[in-house]
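So the structure is just underneath, and the comments pick up after that.
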Amino acid sequence: MKNILSLPLLALLAGTAVTQIHAGTPAPSGKGIVAAASEPAVSGVNGKLDANYGAINRSSTRGIGGTISVPLGHRFGAQFDGIYQHGFSTNIYALGTHFFARDPSKGLIGLAFSGTISQKFTDVIVGVESEYYFKKVTLGAVAGWDNYDSHVATTFPGLATHQNFVAARVYAAIYPMDDLMVRIEYQSRFNHNFYMAHVEWQTPVNGVAVFADGGVGENGYAHLLGGVRVYFGGSKPLKDRHRKDDPSNIGSTFIGPSSAGSTNTAAPTRIIEPG
């Protein structure tokens, strides 16, 4: 019952964003962004590397991630993601791909794929992503099919008997300054609800940013991570990097619940045998 209201809301928000992005404020030609983008979808070949450390469900975790984005003509772009994360006594590897149309003055719409594998679980997400840009705010949504296969006892009821779910996230990224982003986010994973916050600040050192990411969810879920991110692709404000270079690494945005999904954090039950 708890997701009967949340999923239609996600669909409504995603649909509204897609409609606005495609139509948008009329360009000089009177067409939407797919037909007439004023700037290229990707400013040029660019990328980023990041490293993080923290805890998910009271278990320490650390990892690295990277992306590379390339223009595909003027209106379209592609991005390729990679992640290595260690946590819950297992190594986690993820690859992701994005194909999108974007007008940096209006928004983005595209397809996204993520595949994550470890000794404890596999997680595949295929979906659509969209963003709509205001002067100081980005509204975004991702929604798709999620196949999650846990090989161990799980934190979340249902994962032991089901593998196919809707994975979705809706977020608002606020830019108080062009080099500072505060993002608030809701995620639906495994028919459970999660609430996230992310802060990123680009330092005066060109291309170097620091970030912190926290979240809570059902069944006692919690995470707190921090790290450093290095951008490649010229000198520009953080907001322009997000809107003119690379979308978020899809694996990083879903890694917390994905990792915790295959971890039983409940205290073990002591069994006393008759004697």
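Throughout, numbering of the chain's residues begins at 1 and tracks the sequence.
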Between D146 and Q163, is the side chain to side chain contact (heavy atoms under 4.5 Å, CB included) condition met? List the steps. CA-CA 8 Å; D146 181 11; Q163 291 184 339; over 6 Å; no

Using the side chain to side chain contact (heavy atoms under 4.5 Å, CB included) rule, take Y93 and N91 through it: C-alpha gap first, then chi angles, then the decisive distance, then the call. CA-CA 7 Å; Y93 305 90; N91 296 313; 3.7 Å; yes

Would you check, one step at a time, whether the test salt bridge (charged side-chain N to carboxylate O under 4.0 Å, His left out) holds for K136 with D178? CA-CA 8 Å; K136 293 287 187 180; D178 285 352; 3.8 Å; yes

Evaluate side chain to side chain donor-acceptor pair (under 3.5 Å) for N57 paired with S59, printing each intermediate quantity in order. CA-CA 5 Å; N57 281 5; S59 177; over 6 Å; no

Would you sort out whether S259 and I92 count as a side chain to side chain contact (heavy atoms under 4.5 Å, CB included), showing the intermediate values? CA-CA 8 Å; S259 300; I92 304 167; 3.5 Å; yes

Derivation of the side chain to side chain contact (heavy atoms under 4.5 Å, CB included) call for H242 and E200: CA-CA 11 Å; H242 293 166; E200 183 177 6; 3.3 Å; yes

When you look at H98 and E129, which way does the side chain to side chain donor-acceptor pair (under 3.5 Å) test go after all the steps? CA-CA 9 Å; H98 311 246; E129 59 183 346; 2.8 Å; yes

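Between R189 and S258, the closest side-chain pair of non-hydrogen atoms falls below 4.5 Å. By the 4.5 Å heavy-atom criterion applied to side chains, K106 and Y133 are not counted as neighbours. L180 places none of its side-chain heavy atoms less than 4.5 Å from the side chain of Y175. Side-chain contact between S114 and D123: absent, with no pair of heavy atoms (C-beta onward) separated by less than 4.5 Å. Residues N219 and H192 form a side-chain contact, since some pair of their non-hydrogen atoms from C-beta on lies under 4.5 Å apart. Inter-residue side-chain proximity for H151 and Q119 is flagged as unmet; no heavy-atom pair is nearer than 4.5 Å. With contacts defined as side-chain heavy-atom distances shorter than 4.5 Å, the pair Y231/L238 qualifies. Counting only heavy atoms from C-beta outward, the side chains of D245 and D240 never approach each other to under 4.5 Å.
Here the CD1 atom belonging to I174 is positioned 10.0 Å from the OG1 atom belonging to T138, to the nearest 0.5 angstrom. S38 contributes atom OG, which lies 4.0 Å from atom CG of D103 (distance to the nearest 0.5 angstrom). Atom CG of residue L111 and atom CZ of residue F113 lie 12.5 Å apart, to the nearest 0.5 angstrom. With values rounded to the nearest 0.5 angstrom, S105 atom OG is found 10.0 Å from R243 atom CZ.
Side chain of T253 to main chain of I250: a donor-acceptor pair is present (N/O by atom type, distance under 3.5 Å, no hydrogens or angles). Side-chain atoms of N249 come within 3.5 Å of backbone atoms of G251 as a donor-acceptor pair (strictly under, hydrogens ignored). Checking side-chain atoms of R102 against main-chain N and O of A41 turns up a donor-acceptor pair under 3.5 Å. Proximity of a side-chain donor or acceptor of K120 to a complementary backbone N or O of F88 within less than 3.5 Å is detected. Judged by distance alone, with hydrogens and angles left aside, the side-chain atoms of Q187 form no donor-acceptor pair with the main-chain N or O of V170 at under 3.5 Å. In this structure a side-chain-to-backbone donor-acceptor pair under 3.5 Å is missing from N147 to V124. Checking side-chain atoms of T203 against main-chain N and O of V208 turns up a donor-acceptor pair under 3.5 Å. Panel note: side chain T122, backbone I117; no donor-acceptor pair is recorded below 3.5 Å.
When all heavy atoms are compared, the tightest approach of S150 to F121 is CA-CB, 4.2 Å. Considering every non-hydrogen atom in both L72 and A78, the closest pair reads CD1-CB, 3.8 Å. Nearest heavy-atom pair across K244 and P104 is CG-CB, 3.7 Å. Residues L139 and A172 share a closest heavy-atom pair of CD2-CB, 3.8 Å. In terms of heavy-atom proximity, D246 sits nearest to S69 at CB-OG, 3.0 Å. The shortest heavy-atom contact between S248 and D81 is O-OD2, 4.3 Å.
With F211 as the aromatic partner, R229 meets the cation-pi criteria of under 6.0 angstrom to the ring centre and within 45 degrees of the ring axis.
Side-chain contact check for D179 and W201: no donor-acceptor pair (N or O, by modelled atom type) lies under 3.5 Å. With 3.5 Å as the limit, one finds a donor-acceptor pair spanning the side chains of Y171 and E131.
Among N52, T90, T116, the single residue meeting the side chain to side chain donor-acceptor pair (under 3.5 Å) criterion with Q85 is N52.
I64 and V210 are not part of a single hydrophobic cluster, where members link through side-chain heavy atoms under 4.5 Å apart. Note on Y132 and V137: same hydrophobic cluster, where clusters join Ile, Leu, Val, Met, Phe, Trp and Tyr whose side-chain heavy atoms are under 4.5 Å apart, directly or indirectly. Residues F76 and F99 share a single hydrophobic cluster, defined by chaining ILVMFWY side chains whose heavy atoms lie under 4.5 Å apart. Hydrophobic cluster membership is shared by V228 and V199, with clusters built from Ile, Leu, Val, Met, Phe, Trp and Tyr side chains linked at under 4.5 angstrom. Side-chain heavy atoms closer than 4.5 Å link hydrophobic residues (I, L, V, M, F, W, Y) into clusters, and following such links, even through other members, never connects M177 to M181.
A ring-centre distance under 6.0 Å is found for Y221 and H223. Ring centroid separation for the pair Y148 and F190 comes in under the 6.0 Å cut-off.
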